[in-house]
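First the proteins, then the strands, lettered A, B, ... as listed; each starts at 1.
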Amino acid sequence: MAEAKFQKVETGGMNRRRKVLLIIAAGVLALAVISIWGACMDPAKYAPNYEARRLMPSLSHLFGTDHQGRDMFFRTICGLSTSIQIGLLSAVISSLVALFLGSLSAVFGGRVDTAVGFMVDLCMGVPHLILLMLISIAMGGGAAGVITGVAVTHWPNLTRVIRAEVLQVRSAQYVQIARKLGMSKWHIAAKHIVPHVFPQYLVGLILLFPHAILHEAAITFLGYGLPLDTPAVGVILAESMKHLATGMWWLAFFPGIALLLVTQLFDIVGDYLKILIDPHSARQ
Amino acid sequence: MNKGLLRYFGKTVARMLLLLVAVSMISFFLVNNAPMNAVDAFLGEAKVTDEQRALIEERWGLNKPPLERYLIWGNNVLHGDMGESLYYHQPVSKVLKEKFLSSIVLMGTAWILSGLIGFVLGVLSGVYRGTWIDRIIKTFSLVLASTPVFWIGLLMLVVFAVELQWFPLGLAAPIGKSVNDVTLSERIHHLVLPALTLSITGIANIILHTRQKLIDVMESDYVLFAKARGENLKQLVTRHGLRNIALPAITLQFAYFSELFGGSVLAENVFSYPGLGSSAVLAGLHADAPLLLGIALFSALFVFVGNLTANIIYGIIDPQIREGGGING
């Protein structure tokens with residue numbers, strides 16, 4: 001039905017759907033390549049090499065080298081891989097919590113709604129970074145602390161969104177009419193509520209990835225997250241801060257750009273997924 | 001003020017006090033379960049025997065059960081005594097006050113800047129949806145939304161402090177000057193980069209939100225009808241658009257207090273700005289439990305003030321709540 005509204009777009013022999021699918025596949029592939037490449041990388045590639053210290057970016061060292069002569073390009077890829085894995089894990093956990101609590105709250109209402117609302121407020125009541133610090137300290141730092149912290153702090157927003165969406169659909173006229181017509185709860189949920197809420201959930205989940213990854217980098221940057229000897233982007237940027245005044249700008253610039261690109265890749269995948277699921281909402 | 005409104009406010013305040021208690025409990029137990037040792041942090045390099053250590057623990061009440069310790073701490077906090085910071089060797093309340101005064105300048109500037117710029121850009125983007133203006137603003141904010149605060153800070157440092165040398169590398173005032181001698185212009189000079197960094201991160205959120213809301217409104221049936229009645233774009237935006245999106249935008253900006261605080265922790269650390277954020281990090285790294293707890297509690301209070309304000313604005317403006325419905329009902 002909705003497709004009928006579109007004009008036919010000429011995209012070089014491909015229809016719109018196929019093009020969108022291709023972009024999503026490319027984005028996912030790129031992310032997968034980075035994470036696998038980084039995870040399987042030989043640590044010797046970014047080991048200290050005191051003969052090549054403080055080198056500007058060049059063809060042999062794409063992102064330059066640091067004060068110990070470590071190759072920043074390989075170190076960054078490795079760090080990105082760590083970030084993606086941690087971000088993926090904690091964002092998925094978070095979004096599932098949000099989906100569960102959000103629908104629970106909207107469907108049952110009353111006390112359940114109040115309880116979920118209280119938990120959301122509690123979690124939103126403390127700045128995420130402070131809560132992340134507290135959780136990381138309580139768990140003794142390291143990857144476990146970061147994953148727990150990010151998973152525990154990132155569900156409230158999406159929970160609110162899902163709750164609001166479900167409530168809105170439930171009170172919409174067509175749902176009320178469906179109810180008055182005697183449709184079963186399951187029928188209404190499957191026909192009206194899920195198709196409306198699912199895109200929101202998916203978009204919310206994808207929007208969680210950058211947040212999760214950035215918070216991981218931030219908490220590591222502050223010295224609470226991953227240990228200093230892991231090649232994480234947060235560690236790299238924290239180290240770079242000591243060398244900025246001496247003009248080694250590439251230590252901060254390239255790893256940051258790379259992190260930005262990865263989060264952008266997640267965004268692109270999310271956006272095109274949105275077009276695929278709900279063509280109307282993504283129409284420019 | 002009518003009855004419904006009063007009841008709504010009463011309920012909101014009670015709810016928030018309850019939350020504050022819950023937050024204090026959670027942070028207390030998180031900090032207490034941490035493997036960091038306050039006695040070690042206090043002693044530093046000094047060597048003591050096990051008996052002396054036990055004596056210190058007894059004197060600090062570290063051998064009591066956690067719940068009792070929480071109640072003692074909570075009781076003291078209610079009486080205005082938050083303990084002594086192990087790192088600064090000063091009462092926590094004094095450190096908090098000092099650091100907050102310096103942080104609020106930074107956060108306030110960034111908050112106002114990001115709110116104003118974000119709203120204007122969001123409206124522009126929503127009104128001119130699909131044009132190049134929209135595309136530029138949208139891309140800009142999407143990129144910003146996934147840019148780490150501290151990285152922006154680092155770039156600002158590289159460009160404006162190291163290369164161009166327009167602004168100092170950090171701190172709130174020139175080194176070696178006593179607090180009373182620092183002039184206003186020196187303060188502002190030191191504030192520009194951190195405030196800019198902090199505000200940039202808040203902009204994306206409000207732009208995207210405002211844009212989306214405006215688009216929703218402009219696609220609604222009542223705007224279609226208004227168009228059919230012959231209203232022009234300006235009338236459509238001011239009569240139907242702004243009225244509907246201003247409230248969510250303001251609420252969003254108050255709800256953003258939490259992110260603002262988090263962002264200021266990062267910004268302050270990059271610029272060595274001596275505010276609450278940098279002390280929070282120092283407190284954690286030096287196992288300064290009293291200060292860390294104080295900051296956590298204070299940050300919660302800060303966020304609550306933001307949320308409370310948002311709720312009060314909602315209560316005053318939204319007729320549904322004014323009639324006693326409540327936003328959670």
Minimal heavy-atom distance between B:Pro148 and A:Leu214, with the atoms involved, is CG-CD2, 3.7 Å
Centroid-centroid distance, B:Phe254 to B:Trp111, less than 6.0 Å | yes
Distance, nearest 0.5 Å, that separates CG of B:Leu297 from CZ of B:Phe304 = 9.0 Å
Looking only at A:Pro210, A:Gly234, A:Ala217, most heavy-atom pairs under 4.5 Å shared with chain B are made by A:Ala217
Cut-off 4.5 Å, heavy atoms of chain B, and the answer for A:Asp267 is side chain
So, the part of A:Leu259 with a heavy atom under 4.5 Å from chain B: the answer is side chain
Can you tell me how far CG of A:Leu131 sits from NE2 of A:His154, rounded to the nearest 0.5 angstrom?
-> 10.5 Å
Is it the backbone or the side chain of A:Ile257 that comes under 4.5 Å from a heavy atom of chain B, or both, or neither?
-> both
Ring centre gap for A:Phe221 and B:Trp151 strictly below 6.0 Å = no
Determine the minimum heavy-atom distance between B:Val303 and A:Gly125, stating which atoms define it.
-> CB-O, 3.3 Å
How many angstroms lie between atom OG of B:Ser27 and atom CD1 of B:Ile295, to the nearest 0.5 angstrom?
-> 12.0 Å
Check each atom of A:Leu132 against the heavy atoms of chain B and say whether the ones under 4.5 Å are side chain, backbone, both or neither.
-> neither
Does a donor on one side chain and an acceptor on the other come within less than 3.5 Å for B:Ser264 and B:Tyr273?
-> no
Under 4.5 Å heavy-atom distance to chain A, tell me which part of B:Ile26 shows up: side chain, backbone, both or neither.
-> side chain
A:Pro127 versus chain B, heavy atoms under 4.5 Å apart: side chain, backbone, both or neither?
-> both
Measure distances from B:Leu155 to the heavy atoms of chain A and classify the residue's part below 4.5 Å as side chain, backbone, both or neither.
-> side chain
Looking only at B:Leu30, B:Thr147, B:Leu19, the option with the highest number of non-hydrogen pairs under 4.5 Å against chain A is B:Leu19
Best-contacting candidate, A:Ile135, A:Leu222, A:Val126, against chain B by heavy atom pairs under 4.5 angstrom | A:Leu222
In terms of heavy-atom pairs under 4.5 Å with chain A, which of B:Leu266, B:Val158, B:Ile215, B:Val265 leads?
-> B:Leu266
Portion of B:Val143 that has a non-hydrogen atom of chain A nearer than 4.5 angstrom = both
Check each atom of A:Phe209 against the heavy atoms of chain B and say whether the ones under 4.5 Å are side chain, backbone, both or neither.
-> neither
Closest non-hydrogen atoms of A:Pro255 and A:Leu237, given as atom of the first, atom of the second and distance, are CB-CD2, 4.4 Å
Pick whichever of B:Val159, B:Asn269, B:Leu20, B:Ile152 has the most heavy-atom pairs under 4.5 Å with chain A.
-> B:Asn269
State whether a side-chain donor-acceptor pair under 3.5 Å links B:Glu259 with A:His128.
-> no
Counting only heavy atoms closer than 4.5 Å, note whether B:Leu18 contacts chain A via side chain, backbone, both or neither.
-> both
Would you mind checking which part of A:Leu122 comes under 4.5 Å of any heavy atom in chain B, side chain (CB onward), backbone (N, CA, C, O), both or neither?
-> both
